[in-house]
Amino acid sequence: MLDIHDIRTSKALVIQRLQKRHFNNAAESVERLLVLDQQRKTAQLSVDSTAAQLNLLTKQIGQLMQQGKREEVALVREQTTTLKIAMKTLVPQLQACEKALQHALYELPNLPNAEVPEGKSSADNELVYQSSQVPINNAAQLPHWELARQYDLVDFELGNKITGAGFPVYKGRGARLQRALVNFFLDEAQHAGYEEIQPPIVVNEASAHGTGQLPDKEGQMYQLKDTTFYLIPTAEVPLTNLYRGDILSQTVLPIKNVAYTPCFRREAGSWGTHVRGLNRLHQFDKVELVQIALPEKSYGALQEMCAYVRYLLEKLELPYRVLKLCGGDLGFTAAFTYDLEVWAVGQQRWLEVSSISNFEAYQTHRMQLRYRDEHHRTQFPHTLNGSALALPRIVAALLENNQTASGIRIPPILHPYTGFKTIA
RNA sequence: GGAGAGGUGGGUGAGUGGCUUAAACCAGCAGUUUGCUAAACUGCCGUGCUCUUUUGUACCGGGGGUUCGAAUCCCCCCCUCUCCGCCA
């Protein structure tokens with residue numbers, strides 16, 4: 001959520017930034033917001049001043065009662081009635097104004113940072129880095145779903161039977177490989193200074209609100225029947241909401257948390273081509289990093305997170321590239337995002353395995369997460385998160401890129417975790 | 001699933017209709033003093049809106065009601081805890 005104060009004071013900049021992400025009717029939305037804000041202010045003032053008069057009279061009555069001046073009490077009571085009647089219309093007016101303003105604020109996405117490249121779609125994202133050796137398919141190299149079947153690592157049909165499409169069953173060395181990756185990612189994150197958290201994978205509405213999944217985007221989440229609980233689409237939701245509503249001491253920043261969780265996504269409407277095998281699932285595993293940082297240090301933290309995820313990919317010996325998302329491709333709540341993609345030789349495709357974003361103060365405004373600065377004032381810290389990493393596509397790339405005539409080679413860094421060096 | 005208790009400021013916890021933003025204690029912050037593995041004393045110490053400030057106003061789980069006036073009385077809802085049952 002954007003800060004209404006900022007919108008008030010730097011309207012032109014807000015509009016310009018919203019246009020950068022190709023947000024429809026940016027100028028109109030902002031103008032409407034300012035009108036709503038003004039209405040809210042006016043309503044607030046009339047409520048407050050009426051309440052002030054009422055409180056004054058009420059106090060008088062108390063005093064007069066003690067002095068036993070009955071007839072004067074009756075007189076003052078008369079006056080309160082008119083004010084009370086006025087309040088009956090003023091208060092709902094104010095509430096309506098507040099609600100309208102709140103809703104309008106929720107509808108505005110975050111402002112892209114100044115460094116975000118111009119562009120409309122994923123085609124306009126800026127290539128920041130690409131591994132020098134990107135293998136070309138030699139026609140004998142299979143996509144991972146073939147390999148998964150050949151070595152009996154993932155059973156998609158069994159998943160269909162138990163649950164449905166997008167819920168694969170990992171078996172034997174496939175399951176072991178998953179667990180190895182989770183442990184590898186968690187161990188590395190700990191070394192990089194992240195505290196491990198095991199959060200609930202079911203969250204309430206307030207949490208879904210805090211990180212921006214609600215309102216309006218409930219289509220991406222599974223809701224538990226007869227409840228207002230949701231299965232998390234990413235550990236970002238419970239991790240960031242750990243601090244919802246808190247006023248932190250500046251000295252605890254930056255907070256660095258990591259969690260492994262399964263993630264659940266309905267992906268309503270996006271089912272179809274290009275989603276074969278492990279490419280897009282309803283349930284998948286992910287290790288997620290979250291940082292809460294001082295505003296002036298958040299972009300340093302973003303660079304640090306990006307460097308860390310690149311380190312992981314290099315340890316896994318996967319060819320990858322780094323993209324800076326353009327304004328039009330940026331997620332609703334993000335101010336700046338790096339996408340990391342690995343090359344899957346069997347499919348001749350780049351697969352997104354990590355998205356590292358700085359949300360600046362957008363989420364902290366929403367969840368009223370603040371810290372106290374050296375002048376004892378409350379300020380909004382920045383939140384960041386990034387996958388480190390999303391499992392299924394890493395598995396897909398490992399299988400495809402490391403396939404040989406004699407089996408699938410496991411990168412050495414994982415050997416202590418898998419207990420095997422090849423899948424043959 | 002059955003029964004009961006309770007939700008007050010960072011924590012503990014007083015407060016049963018006006019003098020309560022709310023006692024007291026702890027924690028925290030600032031300072032003074034002594035000196036030593038800390039203590040004593042003094043002051044400050046909730047958040048939002050309004051906003052240069054003051055003032056004003058709202059908030060004692062949420063919503064509604066009674067009243068000139070509600071943390072306090074009434075109704076509904078939510079949540080937490082305890083005991084029993086079942087159970088990983």
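Lettering of chains follows the sequences in order, A, B, ..., and the numbering in each one begins at 1.
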Rounded to whole angstrom, note down the [atom1] distance from [N] over to [M].
N     : M     : atom1 : answer
B/G2  : B/C45 : C1'   : 46 Å
B/C83 : B/C76 : C1'   : 27 Å
B/G9  : B/A58 : C1'   : 16 Å
B/U52 : B/C68 : C1'   : 37 Å
B/U16 : B/C73 : C1'   : 8 Å
B/U20 : B/A71 : P     : 13 Å
B/U57 : B/U50 : C1'   : 8 Å
B/C74 : B/U66 : P     : 15 Å

Sequence-distant partners of [X], side chain to side chain contact (heavy atoms under 4.5 Å, CB included), two or more places apart:
X        : value
A/Asn55  : none
A/Thr228 : A/Glu205
A/Glu118 : A/Lys20
A/Gln283 : A/Phe167, A/Pro262, A/Phe264

- request: Send over the distance from A/Glu205 CD to B/C79 P, rounded to a whole Å.
  value: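 It is 12 Å, rounded to the nearest whole Å.
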
Find the distance A/Leu64:CG to B/C68:P and express it as a whole number of Å.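 Between P of B/C68 and CG of A/Leu64: 15 Å.
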
Scoring nucleotides 47-63 of chain B by protein non-hydrogen atoms under 4.0 Å (B base, S sugar-phosphate only, - none) yields SSSSS----BSS-----

| field | Which residue lies more 5' along RNA chain B, comparing A/Gln95 with A/Arg77 via nearest heavy atoms | value |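 Counting from the 5' end, the first nearest nucleotide belongs to A/Gln95.
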
Spatial distance of atom OG (A/Ser121) from atom NE2 (A/His22) [nearest 0.5 Å]
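Taking OG in A/Ser121 and NE2 in A/His22, the distance rounds to 9.0 Å.
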
Checking [X] now: which residues fulfil side chain to side chain donor-acceptor pair (under 3.5 Å) with it, not counting sequence neighbours?
X        : answer
A/Gln379 : A/Asp373
A/Glu341 : A/Arg321
A/Lys171 : A/Asp152
A/Glu317 : A/Arg409

Heteroatom pairs (N/O) under 3.5 angstrom, protein to nucleotides 18-21 of chain B:
| unit_1 | atom_1 | unit_2 | atom_2 | d |
| --- | --- | --- | --- | --- |
| B/G18 | N2 | A/Thr58 | O | 3.2 |

* Asked: What pairs with A/Glu107 under salt bridge (charged side-chain N to carboxylate O under 4.0 Å, His left out), at least two apart in sequence or on another chain?
  ->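 Only A/Arg32 meet the salt bridge (charged side-chain N to carboxylate O under 4.0 Å, His left out) criterion with A/Glu107.
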
Report task. Please map the stems of RNA chain B, keeping only stretches of three or more Watson-Crick or G-U wobble pairs with both distances under 3.5 angstrom. Result ->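 Detected stem regions: B:1-7 with B:78-84, B:10-12 with B:24-26, B:28-32 with B:40-44, B:46-49 with B:56-59, B:61-65 with B:73-77.
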
Practice problem: Please report the closest heavy-atom contact between A/Ile197 and A/Ala259, naming both atoms and the distance. | Solution: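 Distance-wise, the nearest heavy atoms are O-CB, 3.3 Å.
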
